[in-house]
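Worksheet: one structure, shown below.
The structure displayed is predicted, hence computed values, not measured ones.
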Amino acid sequence: MVHHSGSIQSFKQQKGMNTSKSETVREHPLKPSRRSMPCLAQSQTHPQSLSKHSSFLQPNRVQPQPLSAGTSTATVDVVSERAKVMETLESNLLKLSTTEYSDPFLEIGKDKDTYTDDSEHGNYDVRTDQSLLIQNKLTRQKTEPRTKPSLKTDAMASSGLFFKDGKKRIDYILVYKKSSLQVEKRSTFEKNLRAEGLMLEREPAVTNSDIMFVKIHCPWETLCKYAERMNIRMPFRKKCYYTDWRSKTMGSLQRNMRELKSWLPRNPMKLDKEALPDLEETDCYTAPFSRARIHHFTINNKDSFFSNSTRSRIVHHMLQRTKYEDGKSKMGINRLLNNGTYEAAFPPHEGSHKSRHPIKTHGAQNHRHLLYERWARWGMWYKYQPLDLIRRYFGEKIGLYFAWLGWYTGMLIPAALVGLFVFLYGLFTMDSSQVSKEICEANETIMCPMCERNCTLQKLNESCIYAKVTHLFDNGGTVFFAIFMAIWATVFLEFWKRRRAVLTYDWDLIDWEDEEEELRPQFEAKYSQVERVNPITGKPEPFQPFPDKLSRLMVSVSGIFFMISLVLTAVFAVVVYRLVAMEQFASFKWYFIKKYWQFATSGTGVCINFMIIMSLNVVYEKVAYLLTDLEHPRTESEWENSFALKMFLFQFVNLNSSIFYIAFFLGRFAGRPGKYNKLFNRWRLEECHPSGCLIDLCLQMGVIMVLKQMWNNFMELGYPLLQNWWSRRKMKRRGQSMEHKISLPQWEKDWNLQPMNLHGLMDEYLEMVLQFGFTTIFVAAFPLAPLLALLNNIIEIRLDAYKFVTQWRRPMPARATDIGIWYGILEGIGVLAVITNAFVIAITSDYIPRFVYAYKYGPCTDQGYRQEKCLKGYVNSSLSVFDLSELGMGYSGYCRYRDYRAPPWSSTPYEFTLQFWHVLAARLAFIIVFEHLVFGIKSFIAYLIPDMPKDLCDRMRREKYLVQEMMYEAELEHLQRERKKNGKQYHHEWP
């Protein structure tokens, strides 16, 4: 990418077209205007190559370029005459400038043998693009002796990043099989690509004689033409005016605070700036590229003016719009990939991600190596992500994903700390809890049998451990933590909006709009007979009638409900298993299992449920594919959004259905002793443990969350590693020697890597969004969920980074301004989290029964809830009495069970008591108050936090004004130079 020194290079125009090669050789950099010199004084940093030699100080390698066929002799004379005038003018300007300013760049410029603009080089320097990796201030150095270009050419050709001539950079790779029958389509397609201005070169594979690679290079003229068509914004001047104005208006207190911060120890989480390239496009004003005003843009080097990702994006744009047959829809590389004409199409990586030499002493070989060392290595787990470098290499869409993932992980830190504090509070108060004490000391309290045949009478103190573990998650901090997490979800989303706004500004996405997408081939084939005029392009295109669209949508919705019913059926099967296993484990031969039969039942039920979940996920993906194709979405983005929504609904219901059952249905409809409800009149419904149902909910959430994260991490890293290992093994089976592995060119190394997922980033977003649901929806029952999510995400970031950098082919650098449909899904999860946490606290936990007892029935009645002593007698109050003789099993006496019912000796035996109705009313009141309170706080916080920082708004308005001024100034200087060149008198006002 271009490194800006603040100057504006001038390129000659002929009738609005690009500069020819013969003109480029004769051009020299112009002196910057006086108005821009203060900016230059602050930003005089120039790139150094990785070999520590400045690219600006390399010998002049200008060679005469052959004239194009269309260039006449008269044109050459005019060009040479204009070039002499420009050289004289520039030498005078340089002499004048060196007497007024002391600038190292201009000092070097005085010696024409010492400094030559890289854009004038006849031969391509392999270090040109890599020279941006290490930045230092440029000092005067001695020039090095001239080297032989042939040595450089051999190194470049062997690196696999250039054509055989060592000059033309490879921007894209197409792969096809020689045995493919689509020869005519391929030859027509490649012929049309050449007609569009691309250069192609074929080369056979080293390891497979049937594979052929097509290397694509986009020349400067073609890059300029399509950059203008695509409205790509390019830098044209350093951002310095706003900084100068800000420093003048900054108060002394703020300046003192800034100086004080500079004396503090460096943040260990920040990456060393010297280890990263100075990505200048974030510090420059940009404007849509225009060939007619190319003199406005700072072009120090034509080869690096457009970054590799921008070049690949331009080539991909051309590949998508080039025809391979006669016909309105016979175009695009995607169709050729689908019909087998080509096997793959991808931009190449920038070399190897590893180096024999340490990066600290020898620097990075390329941006891929730098990303690996400063981002993908496990040793960098505590460092911030180099988002600008990620965006530069992989594009804005992937950069936004990692920015969102990093922001989500950072926001999990306070949530994890508060959740850990709530857990530790329960741990430290576990022994002093009045409820736990009463359960552990209840030696004479006999509990009713919890199953029909094999269960024996148990004492209440046998569930002492369960009571203490329950207190870890169900204590006084549970309500506070649930409110905190509901507010945290709102703050996370609102501040992500602000973070996204800053990133879109820094990455020049504010004014970017999605290009008009091409239609999917399936859509065109299905509705080619019905056409209407596209309101955007004004061209006729296939159209899907509304009745057909509605009928297909209804079928798709019916399929979704069918799959959801299948999930509920699987949950019902697990419930039946628990009922059957309950009787078996209660009479098991092993004493440990027989004693803890409830834990064994819950644990095996969770494991079986997890296996069903992972099995059904495979089915859901295929069904989602089928239903989405059945809808016939118009474009790829519509297909991706529809598919993502279906996959989220399927997996969300699949993961959370069993959790919803345990939280809100387990033990609610079991009945009472002597009158239990039975499933199919055979199996008695399961009831909660004497310590409550919350322990079952915690176990279900913890096991599923941990196992699923471990499985996902294994599949993300293990599966690509196994596939790449298998491909290398197949190469060995073909009899290839290991020397070939070392000498493989870069494009063949990339071909042996795995392609990016067919769904793109959908799988990555889906995994994190489902985790966000686990973290927020039932967090009142499992306060350690944010901590587990934080630990997983720290690993996830490096896993994804390692996968993108080392295991996958380089994806096409795509642009995006937000995370798409996932933001709406996150907002929906935040709303659902408030409702579910209200019900978990009110219904699943014992918070409300304890609260009612302390204020209405306990020893502190009408005195206010003060300490744990106010809960004295709560356990006895929450247990009802049953006459064992009514069971007909030979027992006598009385047993206790969890409920609020009248004793058998009352006038209305086993009827609900007044305390039951008080508790029920308090639960309903708590749900209403909690939801309204939290929703009110969430709405108020969302109102207080603007979507865009005020500082950013002011900066955007001011820079819009400054851009207009600078464009005016640049145009004025250009016209004044034209007048001076033509010998005409000029004035300072606009001509």
Side-chain angles (χ1 to χ4, degrees), residues 1-13 17-21 23-25 27-30 32 43 45-47 49 55-56 105 116-133 135 161-162 167-172 197-199 217-239 277-315 317-318 347 350 367 388 391-393 395 507-508 813 970:
M1 192 63 188
V2 59
H3 182 85
H4 302 279
S5 61
S7 62
I8 300 178
Q9 300 293 335
S10 176
F11 281 73
K12 302 175 186 63
Q13 307 292 316
M17 300 302 291
N18 298 326
T19 309
S20 65
K21 293 182 180 179
E23 291 178 296
T24 306
V25 175
E27 290 179 353
H28 293 275
L30 293 179
S43 59
T45 57
H46 299 280
S49 68
S55 61
F56 289 98
F105 177 76
T116 307
D117 198 329
D118 285 345
S119 63
E120 300 171 6
H121 292 177
N123 292 333
Y124 185 85
D125 187 359
V126 71
R127 303 289 186 181
T128 301
D129 188 65
Q130 299 174 352
S131 64
L132 301 174
L133 296 176
Q135 302 288 338
L161 299 176
F162 302 91
K167 301 177 183 178
K168 301 179 182 66
R169 180 196 306 273
I170 299 175
D171 298 317
Y172 224 88
L198 296 178
M199 297 182 179
H217 168 74
C218 191
W220 168 257
E221 292 79 8
T222 308
L223 286 171
C224 292
K225 179 174 68 174
Y226 277 90
E228 184 175 7
R229 288 185 184 179
M230 299 169 63
N231 285 325
I232 296 178
R233 300 181 68 89
M234 300 303 295
F236 67 91
R237 185 164 296 187
K238 195 82 171 174
K239 291 181 182 177
D278 184 14
L279 302 176
E280 303 79 9
E281 61 266 29
T282 60
D283 296 325
C284 293
Y285 296 110
T286 61
F289 185 80
S290 172
R291 289 178 292 171
R293 295 189 172 186
I294 197 171
H295 51 275
H296 290 175
F297 299 92
T298 307
I299 306 178
N300 289 331
N301 191 323
K302 287 185 178 181
D303 296 312
S304 60
F305 179 63
F306 296 102
S307 66
N308 287 344
S309 60
T310 304
R311 298 172 68 101
S312 300
R313 189 154 57 90
I314 291 175
V315 174
H317 176 88
M318 299 175 66
E350 294 183 7
H367 286 109
D388 289 331
R391 170 248 180 171
R392 175 191 179 93
Y393 194 82
W507 294 352
D508 271 326

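- Remark: Ser312 engages no residue in a side chain to side chain donor-acceptor pair (under 3.5 Å) (not counting sequence neighbours).
- The minimum heavy-atom distance linking Arg392 with Ser309 is given by the pair O-OG, 2.9 Å.
- Once rounded to the nearest 0.5 Å, the distance linking CD1 of Ile232 with OG of Ser307 reads 9.0 Å.
- Ring geometry for Phe306 against Trp220 counts as tilted: the plane angle lies between 30° and 60°, on a 0 to 90° scale.
- How far NZ of Lys168 is from CG of Asp303: 11.5 Å, rounded to the nearest 0.5 Å.
- Expressed to the nearest 0.5 Å, how far OG1 of Thr310 lies from CE of Met234 amounts to 6.0 Å.
- The shortest heavy-atom contact between Asp171 and Cys218 is OD2-N, 2.8 Å.
- Ring geometry, Phe305 versus Phe289: the interplanar angle falls from 30° to 60°, so the pair is classed tilted.
- Note: Leu223 CG to Arg311 CZ = 5.0 Å, rounded to the nearest 0.5 Å.
- With sequence neighbours left out, the side chain to side chain contact (heavy atoms under 4.5 Å, CB included) criterion links Pro288 to Asn231, Arg233.
- Taking CD1 from Ile314 and CZ from Arg229, the interatomic distance works out to 11.5 Å, rounded to the nearest 0.5 Å.
- At a threshold of 4.5 Å between non-hydrogen side-chain atoms, the residues Leu161 and Ile170 do not count as touching.
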After noting the C-alpha distance and the side-chain angles of Trp507 and Asp388, does the key distance pass the side chain to side chain contact (heavy atoms under 4.5 Å, CB included) rule?
CA-CA 8 Å; Trp507 294 352; Asp388 289 331; 2.8 Å; yes
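- The distance from atom CD of Glu350 to atom NE2 of His367, rounded to the nearest 0.5 Å, is 6.0 Å.
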How far apart are the C-alpha atoms of Arg169 and Asn308, what are their side-chain angles, what is the distance that settles it, and do they pass the side chain to side chain contact (heavy atoms under 4.5 Å, CB included) test?
CA-CA 9 Å; Arg169 180 196 306 273; Asn308 287 344; 3.1 Å; yes
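- In this structure the side chain of Tyr226 reaches within 4.5 angstrom of the side chain of Met318, judged on heavy atoms.
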